[in-house]
Chemist: 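Before we start, here is the structure in question, set down as structure tokens.
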Amino acid sequence: MAGRIPRDFIDDLIARSDIVDIVDSRVKLKKGKNYQACCPFHNEKSPSFTVSQDKQFYHCFGCGAHGNVISFLIEYDRLEFPEAVEELARFHGVDVPREKGSAPPVSAEKRQQREDDYALMEKVAQFFAHQLKNHPDAARPIDYLKQRGLSGEVVKRFGVGFAPPEWDGALAAFGRSPELQQQLLDLKIITQNDKGRRFDFFRDRIMFPIRDRRGRVIGFGGRVINADDGPKYLNSPETRIFHKGHELYGLYQARQAHRALARVLIVEGYMDVVALAQFGIDYAVASLGTSTTPEHIQLLLRSTSQVVCCYDGDRAGRDAAWRALENALPYLKDGVELKFLFLPDGEDPDTLVRQIGKEAFEQKIDAESIPVSRFLFENLLGRHHVGSEEGKAALIAEAQALIDQVSGDNQRQLLEERLFKLTGQDSYRLDLQRDMAKANSATNKIQAPAKQKPAGKSQLTPVRIMLRLLLEQPELAAQCAEVQPQLLDVNLVPGLELLGEVHSYCAEHSQKNSAQVLEHFRSHRDFAVLNKLLSSDAFSVHDAIGELFAQSRQQVYRDSFAKLVERQLHSRMEELLARSRLGKLSDEEKQELKVLLSAQS
């Protein structure tokens with residue numbers, strides 16, 4: 001992969017962008033004090049979605065969606081962060097630079113080649129869709145699709161087409177020059193025999209365009225119409241834009257159908273995905289002629305918190321499920337679920353959903369899906385004879401090696417509890433973990449701040465006020481040069497370390513606006529805190545901080561810092577007093593305590 005996108009480039013890209021232009025190109029805005037529209041992220045009748053041109057920020061008072069121009073592209077276009085940056089760069093007609101990484105950045109020539117490849121693949125997909133309607137033999141594939149119960153609407157949604165039976169259908173349509181023929185050959189739209197003769201790779205098949213997460217056609221899957229006409233499925237081989245272990249058929253359409261995917265169902269075939277969508281189960285995806293890979297799991301868990309793997313109930317299906325489990329274990333963090341659904345012999349999702357319908361099929365998913373813990377131990381028990389001590393030892397050894405890969409602490413502990421309960425072995429290791437967890441919990445309770453009260457002025461701590469002021473007016477850090485929160489003890493109050501980082505950044509970059517400051521901290525562990533803090537009544541000058549802003553913002557910033565300094569001095573005094581009772585103060589500390597006590601009197 002190329003290196004990271006430089007932060008300076010992202011800042012410059014945000015600075016040259018007008019969020020109103022980007023949002024308005026996708027959601028029609030009406031101008032008022034701020035720009036408004038009905039929110040694109042939830043259903044509503046009256047506008048609550050507001051875009052501020054001054055702050056370069058959007059906020060919905062209905063559902064709470066908010067962010068800058070990059071956040072909008074991520075949410076609206078359903079892109080990941082690098083893709084959103086690339087989309088914004090494309091809007092401005094500039095290339096995205098990359099820092100030096102494990103591989104050199106892609107050259108301009110290669111980027112252009114890739115764009116040409118995507119454009120050609122889209123044209124080929126349109127060609128196949130056209131053939132389904134207009135080829136002299138179109139009645140045959142259309143009848144086949146109707147027999148499978150597919151409507152014209154779902155065929156159009158997935159871009160299903162028809163590769164004509166002629167040897168040179170796509171070749172004649174797109175191979176008008178040696179250069180174009182070579183591109184078709186590279187993308188495996190055509191192939192070449194030992195004698196150098198070139199002809200179509202896909203012939204007389206129902207065609208399923210494979211789209212990446214951005215909706216670009218990267219390959220095809222072709223299904224035979226007659227069972228005796230060759231392999232059931234023929235997939236595009238690997239090309240410079242298609243890597244089957246990294247892509248899932250139907251994921252693009254599922255993400256377009258759902259802003260937030262509550263669940264994703266992994267099935268085995270293209271027709272399964274399309275047939276399920278026909279019945280309203282529009283969250284199914286299929287691997288592309290390969291087993292479920294680690295890359296597939298990572299891709300899915302970035303889109304949903306529950307993955308259900310649907311396989312045949314035979315030996316091959318269970319072996320495929322086991323490979324999926326092994327690949328998924330390192331990515332099973334707390335809060336995500338992996339389940340397995342095994343279908344009756346002779347059934348697949350396509351045939352089953354047509355028999356029982358959407359409601360019964362989803363009830364089957366809910367009632368019969370096996371959680372990862374159950375499938376793991378059922379599989380292990382089938383391979384190890386736990387009637388002997390040796391068999392138990394072998395099972396424990398294999399199970400523990402698998403459990404140790406699980407990234408979620410709670411999930412890992414629950415699996416260990418299940419293992420010890422299953423084998424009846426000494427749970428010394430588990431007891432030790434419990435003791436450590438209890439000790440950590442007790443420590444955290446001592447150190448944790450008091451539970452926050454309901455929203456109101458009681459929550460407006462000096463740290464929150466200063467952070468909100470900095471996000472609203474970044475130049476405050478430079479205007480109040482004597483304020484140095486980064487010099488305070490970060491353990492004094494929650495959020496002080498974050499305040500110091502934001503203050504330092506704003507002091508060094510006083511020309512940045514709110515959107516740029518927020519973008520700088522996107523990868524920060526407390527980004528969500530900053531995002532929420534800025535988005536609260538984001539466009540009102542006299543907002544939640546209310547009467548405080550009747551004063552000079554600089555004065556409020558200085559006064560809040562003074563309160564933190566006072567708190568640190570008081571904390572230091574209490575520490576010295578406690579140590580003095582034990583007679584452990586040095587002469588310098590005694591003098592320091594004397595000064596602090598005098599200041600308090």
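As a basis for the values below, the full set of heavy atoms in this structure was taken, side chains included, without hydrogen atoms, waters or symmetry mates.
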Chemist: Just wondering, do Ile14 and Gln56 contact through their side chains at under 4.5 Å, heavy atoms?
Modeler: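 The answer is no, as the side chains (C-beta and beyond) never meet within the 4.5 Å cut-off.
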Chemist: Side chains of Ile210 and Leu288: closer than 4.5 Å at any heavy-atom pair?
Modeler: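 SC-SC contact between Ile210 and Leu288 confirmed.
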Chemist: Taking the side chain as everything from C-beta on, heavy atoms only, tell me whether Tyr283 gets closer than 4.5 Å to Val273.
Modeler: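 No - every pair of side-chain heavy atoms lies 4.5 Å or more apart.
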Chemist: Is it true that atom CG of Asn193 has more than 12 heavy atoms of other residues, nucleotides or ligands lying nearer than 6.0 Å?
Modeler: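 Yes, because the 6.0 Å sphere around CG of Asn193 holds more than 12 heavy atoms from other groups.
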Chemist: Can Gln147 and Asp143 be said to form a side chain to side chain donor-acceptor pair (under 3.5 Å), step by step?
Modeler: CA-CA 6 Å; Gln147 290 171 11; Asp143 287 344; 5.9 Å; no
Chemist: Going by heavy atoms in the side chains, are Val353 and Gln278 under 4.5 Å from each other?
Modeler: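 Not in contact.
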Chemist: Charged N to carboxylate O below 4.0 Å: is that the case for Asp117 and Arg216?
Modeler: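 No, Asp117 and Arg216 are not salt-bridged.
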Chemist: Enumerate the side-chain hydrogen bond (donor to acceptor under 3.5 Å, both in side chains) contacts for residues 86-95, please, sequence neighbours excluded, ordered by first and then second residue.
Modeler: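 Qualifying pairs: Ser17-His92, Glu86-Arg98, Glu86-Arg214, Glu87-Arg90, Asp95-Arg111.
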Chemist: Taking C-beta and beyond as the side chain, do Leu120 and Leu184 meet within less than 4.5 Å on heavy atoms?
Modeler: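 Yes; the side chains approach each other to less than 4.5 Å.
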Chemist: Who pairs with Asp168 by salt bridge (charged side-chain N to carboxylate O under 4.0 Å, His left out), at least two apart in sequence or on another chain?
Modeler: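 So Asp168 forms no salt bridge (charged side-chain N to carboxylate O under 4.0 Å, His left out) with any residue.
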Chemist: Closer than 4.0 angstrom, basic N to acidic O: yes or no for Arg315 and Asp319?
Modeler: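 Yes, Arg315 and Asp319 are salt-bridged.
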Chemist: Drop me the distance from Arg302's CZ to Ile297's CD1, to the nearest 0.5 angstrom.
Modeler: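 Taking CZ in Arg302 and CD1 in Ile297, the distance rounds to 11.5 Å.
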Chemist: Rounded to the nearest 0.5 Å, how far does CZ of Arg323 lie from SG of Cys309?
Modeler: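 The SG atom of Cys309 sits 12.0 Å away from the CZ atom of Arg323.
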Chemist: For the pair Asp12 (side chain) and Asp8 (backbone), establish whether a donor and an acceptor sit closer than 3.5 Å, ignoring hydrogens and angles.
Modeler: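 No, Asp12 side chain to Asp8 backbone: no donor-acceptor pair under 3.5 Å.
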Chemist: For a quick test of your reading: what N or O donor-acceptor pairs under 3.5 Å do the side chains of residues 335-342 make, sequence neighbours left out?
Modeler:
residue: Glu337; atom: OE1; partner: Gln306; partner atom: NE2; Å: 3.0

Chemist: If you take all heavy atoms of Ser25 and Ile22, which pair is closest and at what distance?
Modeler: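 Taking every non-hydrogen atom into account, OG-O, 2.6 Å.
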Chemist: Output all residues satisfying salt bridge (charged side-chain N to carboxylate O under 4.0 Å, His left out) with Arg374, sequence neighbours left out; order by chain, then residue number.
Modeler: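 Salt bridge (charged side-chain N to carboxylate O under 4.0 Å, His left out) list for Arg374, sorted by chain: Glu378.
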Chemist: Would a distance-only check, ignoring hydrogens and angles, find a side-chain to backbone donor-acceptor pair under 3.5 Å from Asp334 to Gln411?
Modeler: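 Yes: the side chain of Asp334 pairs with the backbone of Gln411.
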Chemist: For Ala262 and Ser305, which heavy atoms make the closest approach, and how far apart are they?
Modeler: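 In this case the closest contact between Ala262 and Ser305 is O-OG, 4.3 Å.
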Chemist: Just jot down the side-chain hydrogen bond (donor to acceptor under 3.5 Å, both in side chains) partners of Glu153, sequence neighbours excluded, or say none.
Modeler: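 So Glu153 forms a side-chain hydrogen bond (donor to acceptor under 3.5 Å, both in side chains) with Arg157.
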Chemist: Applying ring-ring contact (aromatic ring centres under 6.0 Å, His included), which residue pairs with at least one partner in residues 122-172 are found, sequence neighbours left out?
Modeler: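 Non-adjacent pairs meeting ring-ring contact (aromatic ring centres under 6.0 Å, His included): Phe127-Phe174, Phe128-Phe220, His135-Phe162, Trp167-Phe199.
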Chemist: Rounded at 0.5 Å granularity, tell me how far CZ in Arg522 sits from CD1 in Ile10.
Modeler: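 Atom-to-atom, Arg522:CZ and Ile10:CD1 are 8.5 Å apart.
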Chemist: Within this structure, what is the CG-CG distance for the pair Asp348 and Asp272, rounded to the nearest 0.5 Å?
Modeler: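 CG of Asp272 is found 5.0 Å from CG of Asp348.
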Chemist: Under the criterion side-chain contact (heavy atoms from CB on, under 4.5 Å), I'd like the reasoning laid out for Cys310 against Lys364: C-alpha separation, chi angles, the key distance, then a yes or no.
Modeler: CA-CA 11 Å; Cys310 182; Lys364 192 175 188 68; over 6 Å; no
Chemist: Looking only at side chains, do Gln53 and Asp18 share a donor and an acceptor under 3.5 Å apart?
Modeler: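 The criterion, which ignores hydrogens and geometry beyond distance, is satisfied for Asp18 and Gln53.
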Chemist: Considering residues at least two apart in sequence or located in another chain, which fulfil the side-chain hydrogen bond (donor to acceptor under 3.5 Å, both in side chains) criterion with Gln298?
Modeler: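 Partners of Gln298 under the side-chain hydrogen bond (donor to acceptor under 3.5 Å, both in side chains) test: Tyr331.
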Chemist: On a heavy-atom basis, which atom in Ala399 and which in Leu380 lie closest, and how many Å separate them?
Modeler: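 Closest approach of Ala399 to Leu380, heavy atoms only: CB-CD1, 3.5 Å.
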Chemist: Using only atom types and a distance under 3.5 Å, with no angle test, would you say the side chain of Asp24 pairs donor to acceptor with the backbone of Leu29?
Modeler: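 A pair under 3.5 Å: yes.
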Chemist: Could you pull out all residues at least two apart from Lys188 that satisfy salt bridge (charged side-chain N to carboxylate O under 4.0 Å, His left out)?
Modeler: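 For Lys188 there are no salt bridge (charged side-chain N to carboxylate O under 4.0 Å, His left out) partners, ignoring immediate neighbours.
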Chemist: Hey, what do you get for CD (Glu326) to OG (Ser291), rounding to the nearest 0.5 Å?
Modeler: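 Reported to 0.5 Å precision, the distance equals 10.0 Å.
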Chemist: For Ser46 and Cys38, which heavy atoms make the closest approach, and how far apart are they?
Modeler: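 Reported closest heavy-atom pair: C-SG, 4.1 Å.
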Chemist: Hydrogens and angles aside, do Arg78 and Ser303 bring a side-chain donor and acceptor to less than 3.5 Å of each other?
Modeler: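 Arg78 vs Ser303: no donor-acceptor pair found between side chains.
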Chemist: Just verifying a value: how many Å separate Phe41 CZ and Tyr58 OH, rounded to the nearest 0.5 Å?
Modeler: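 It is 5.0 Å, given to the nearest 0.5 Å.
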Chemist: Heavy atoms, side chains only, cut-off 4.5 Å: are Ile266 and Leu300 in contact?
Modeler: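 Counting from C-beta outward, Ile266 and Leu300 do come under 4.5 Å.
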Chemist: On the 0 to 90° scale, with breaks at 30° and 60°, tag the Phe49-Phe72 ring pair as parallel, tilted or perpendicular.
Modeler: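 Rings of Phe49 and Phe72: tilted, 30 to 60°.
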Chemist: Counting only N and O atoms by type, is there a donor-acceptor contact under 3.5 Å from the side chain of Glu519 to the main-chain atoms of Asp11?
Modeler: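 Judged by distance alone, no pair lies under 3.5 Å.
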Chemist: Looking at every heavy atom in both Val274 and Val154, which two are closest together, and how far apart are they?
Modeler: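 Closest pair (atom of Val274, atom of Val154, distance): O-CG2, 3.9 Å.
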Chemist: Under the salt bridge (charged side-chain N to carboxylate O under 4.0 Å, His left out) criterion, do Arg263 and Asp366 qualify, and how do the steps go?
Modeler: CA-CA 11 Å; Arg263 161 165 79 191; Asp366 295 332; 2.8 Å; yes
Chemist: Is a side-chain N or O of Asn327 found less than 3.5 angstrom from the main chain of Thr292, in a donor-acceptor match?
Modeler: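 Yes, because the side chain of Asn327 sits within donor-acceptor range (under 3.5 Å) of the backbone of Thr292.
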Chemist: Just checking Phe279 against Phe361, ring centres under 6.0 Å apart?
Modeler: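 When the ring centroids of Phe279 and Phe361 are compared, they turn out to be at least 6.0 Å apart.
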Chemist: How would you list, by chain and number, every residue that makes a salt bridge (charged side-chain N to carboxylate O under 4.0 Å, His left out) with Arg213, sequence neighbours excluded?
Modeler: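 With neighbours one apart ignored, the set is Glu80.
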Chemist: Assess whether atom CD of Gln355 is packed by more than 12 heavy atoms of other residues, nucleotides or ligands within 6.0 Å.
Modeler: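 Yes, CD of Gln355 has more than 12 neighbouring heavy atoms, counting only those of other groups under 6.0 Å.
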Chemist: For Glu122 and Arg211, what are the C-alpha separation, side-chain angles and deciding distance, and is it a salt bridge (charged side-chain N to carboxylate O under 4.0 Å, His left out)?
Modeler: CA-CA 10 Å; Glu122 185 65 42; Arg211 296 183 181 273; 3.1 Å; yes
Chemist: Suppose the criterion is side-chain hydrogen bond (donor to acceptor under 3.5 Å, both in side chains): which pairs have a residue in residues 243-255, not counting sequence neighbours?
Modeler: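 For residues 243-255, and leaving out neighbouring residues, the side-chain hydrogen bond (donor to acceptor under 3.5 Å, both in side chains) pairs sorted by first residue read Glu238-His243.
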Chemist: Can you pull out every ring-ring contact (aromatic ring centres under 6.0 Å, His included) where at least one residue sits in residues 286-319? Sequence neighbours excluded, please.
Modeler: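 Counting only pairs at least two positions apart or across chains, no ring-ring contact (aromatic ring centres under 6.0 Å, His included) contact touches residues 286-319.
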Chemist: State, with a plain yes or no, whether a side-chain heavy atom of Asn379 is found less than 4.5 Å away from one of Leu325.
Modeler: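 Side chain of Asn379 against side chain of Leu325, heavy atoms only: no contact under 4.5 Å found.
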Chemist: Which residues pass the side-chain hydrogen bond (donor to acceptor under 3.5 Å, both in side chains) test with Asp186, sequence neighbours left out?
Modeler: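 For Asp186, the residues satisfying side-chain hydrogen bond (donor to acceptor under 3.5 Å, both in side chains) (neighbours in sequence not counted) are Gln182, Arg240.
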Chemist: I want to check something: taking the side chain as every heavy atom from C-beta on, are Phe202 and Ser236 in contact at a cut-off of under 4.5 Å?
Modeler: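 Phe202 reaches Ser236 side chain to side chain.
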Chemist: For the residue pair Tyr76 and Pro40, what are the closest heavy atoms and their distance?
Modeler: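 Answer, listing the atom of Tyr76 first, then Pro40: CE1-CB, 3.6 Å.
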